[in-house]
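In what follows, a structure is listed as structure tokens, so that the remarks can point back to it.
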Amino acid sequence: MTVTTYNTPTDPYHMIKDISSVTGTYSGNVRGAVSVDRPVIEVSGTEITGNYAFVDTFSRYYWIVDRVVLRTGLTQLSLRSDPLHSFSAAIRNLPVYVTRTEQESMESNGNTGYNVYIPDRTVQKTARTYTKVTIDPNIPVFQYPETGLTPCYILGVIG
Amino acid sequence: MIVFESPNGYLEIQPRNTGLSMQMTDSGYQLITFVGTGDNRTFVANTNGRYNAYPSEWTENARNVLSQIVFEGKHVIAIDADNQFFDRSIPESDRTYTSGQSMTYYKGAATCEMSAFLKTEYEAGQPVTKAYIGGLFSFQPPDITTYIGTNAVVLRTYETTRKPKIAFDIITIIDGSDKYPCLAVSILDERSPLSAFVTKLIDMRMIGDSVIPQSGTDDNTTTPYGRTGTYNFNSDKMTDVSPSGFNFVNKWEHGLTLYHITDVQASAIFSEMWGNETLGQMFKNATVKQIQGIVCLHKVPVPVASGLHQRALSIFGKRVYRGETLEALNLVENQLVKYPESPQWVSLEEIYGDFFDYAGQSKLSVYLPFVGCVPLDVNKVMGGGVKVVYYIDLLTGNCIARVYGRNSMNNGAEVLLYQGGGNCAMHIPYVGNDQGGMKLLGALAGVATAGITTLALGGAAAAPALAAVTGTAGAALAEHNAAVNNIPTETAPLSYPYVCYIQEYPERLLTALQGAQLGFSAASGAAGTTVSNYSGYTQGVLHAAIAGATDDEKAEIERMFAEGVYL
């Protein structure tokens, strides 16, 4: 099997890792039974660098979690499967119900994006408040007529 | 398409397949009725708009004038690949628009005189803003709400002959799966420095004074959790209705009469009653009886309409006003005053445009003169409007304020949110103390939130306060409200005299990294939505049915998505 190692700065929660920095390509062997999820593979060489690897036999990408240099001039790599990158194409086709996203909705019904009208506790507010006053422009001010020559009193008389 | 005909001085505008009709005559033009249909909706609006216009010479050239319409609205619609959209030969089916293409309107235009209109020019592709049209008709259209679309319209000015022009049309706006009609009004006043056709869009669903019933049926689309709740529902409106029965004054010869008098007239009346007799004569002549015939004397802070006149006034047989030498007394025309006479909606717009504008984050109250400060349910008015109307009884000075609300969620249905009473009269003392058990009507206001008070003649107890019809209590406003609601008796004239809406909203902190690090709340997962529809930070639930993946790997994928991944 061929093991290609990389130095990736990408954190595990990114689906696609930056694998532009190849640190080596090695021929690997396994002893006895090996887990596809967490294989232990021996590669030739003692100065193996990198934190990420691809194993062609398993068609998977792995995190290099441990390196043990053996006396035989081999290095034993302990790997842990990275299913996000390994199955990224299949994952993209999966239906998903999204509860949080940074993506602005591209549709008026809020699908495929966040909904600004769903209360969100992560959006912080301070203890301060703004006050906005709007005087109703359609209702004239209540004004009592000044005394003068024009009628200004209501006089009620009975009898 | 609007077709203009001009026989015998009339211009009749009759869009095809709609009921829109107007007639232009020598004295003006009147919008009669318009009825339109489109996509399972039938709307009817009746309005009478009248303003100065004159018949124009409608020549063939004028009818065929091409005008490019400048749209001023938010997002834009409209496409016609052939750019011959409003040409008469285009059938109605081509008059629906789909977003995605540039738009050029060609439209025939009538000529009529109009008041000056603001002109602006827009470059092609320029983002547009909300537009407002007012004063064009007798009703007041509201602010134009958002129009959904993705393309900005191509805008160009147009050189025309130097006559003002106006054109109308009904267009259909397509917004996803929704379609709704808009009235497009295009006007051009070349007497202004800028010559540009300006088109305003009036969302037909939001015409305030018109009755727009929406037909439609529940689509009965079911989900595992019941109906979608998006069917077209018909909602009644709590339309304002004037109180009835306030017509017992000025009806009988010796019954209750209300006068609207001047300072000079009041002085003459009381001088006649008190100033011309000795004390002995007063009692001998039982002058004090006349004072018992006066049931009220006060000022009110609203205009009072006067009707008939009366030259003389006698109370219990004694002449107290001689109109032969003085100006005649005005009789109050209507005991009940509606203020303002034509209430209008006030738009309350979102501050943040998100959940911070609504209940739980923001608060809303309204200060009502003579009534007090009351909380409102912000959810019922935000994004829509609020309207206040007072009804005032001129006999007692009692008033009631009604607060109506509407928002954009339920097709703008109007809801009575609150009504409360008080007394707005400035009572003028005309007697030193109680006379024979009669009480001054002035002592009625009480604390503003006590609700409607009753006529003191008879001494009935004040009615209990009318609570808010609906609404969030807004407990945090209680202290503020109590401070402005403590209006002691007889100090109503000292009240703050403006109706005010008081919005309180929090200071929101939103950083640039919020989205990328935490994302925002979503509830998206329509049929057909997959991970490929998203990018950036995404948190959600999926079932990792992936061929070739081990169970541990599937569980790992599902766990990481639940925690949030970066796509």
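Every chain is numbered from 1 and lettered A, B, ... according to where its sequence line falls, protein lines coming before strand lines.
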Contacting region of B/Glu350 [heavy-atom separation from chain A under 4.5 Å]:
side chain
When B/Val499, B/Asp552, B/Ile261, B/Val346 are compared by non-hydrogen pairs under 4.5 Å with chain A, the top option:
B/Ile261
Report yes or no: does A/Arg100 contribute a side-chain atom to a donor-acceptor pair with the main-chain N or O of B/Gln539 at less than 3.5 Å?
no
For B/Tyr358 and A/Tyr117, take the angle between the two ring planes, folded into 0 to 90°, and tell me which bin it lands in: parallel under 30, tilted 30 to 60, perpendicular over 60.
perpendicular
Measuring only between side-chain heavy atoms, which start at C-beta, is B/Phe356 closer than 4.5 Å to A/Val123?
yes
With a 4.5 angstrom heavy-atom cut-off, could you sort out which part of B/Val332 is near chain A: side chain, backbone, both or neither?
side chain
Using heavy-atom distances under 4.5 Å, tell me whether B/Ala547 contacts chain A through its side chain, its backbone, both, or neither.
backbone
Can you confirm if the aromatic rings of A/Tyr13 and B/Tyr566 lie within a centre distance of less than 6.0 Å?
no
Do B/Thr529 and A/Tyr97 come within less than 4.5 Å of each other through their side chains, counting heavy atoms only?
no
Polar side-chain atom of B/Ser532 near backbone of A/Asn93 as donor-acceptor pair, under 3.5 Å:
no
What part of B/Leu297 lies closer than 4.5 angstrom to a heavy atom of chain A: side chain, backbone, both or neither?
both
So, the part of A/Arg60 with a heavy atom under 4.5 Å from chain B: the answer is side chain
Where does B/Asn533 contact chain A at under 4.5 Å (heavy atoms): side chain, backbone, both or neither?
both
Toward chain A, the part of B/Glu563 with a non-hydrogen atom under 4.5 Å
side chain
Below 4.5 Å from any heavy atom of chain A, which atoms of B/Leu313 appear? Answer side chain, backbone, both or neither.
side chain
Would A/Gln103 and B/Ser535 count as having a side-chain donor-acceptor pair, cut-off 3.5 Å?
yes
Measure distances from B/Ala266 to the heavy atoms of chain A and classify the residue's part below 4.5 Å as side chain, backbone, both or neither.
side chain
Is B/Glu553 close to chain A through its backbone or its side chain, or both, or neither, when contacts mean heavy atoms under 4.5 Å?
both
Nearest heavy-atom pair of B/Thr538 and A/Val98: which atoms, and what distance?
CG2-CG2, 3.8 Å
Contact origin within A/Thr122 toward chain B - heavy atom pairs under 4.5 Å
both
Turns out that what part of B/Val541 lies under 4.5 Å from chain A's heavy atoms comes down to both
Does the side chain of B/Glu504 come within less than 4.5 Å of A/Tyr130's, by heavy atoms?
no
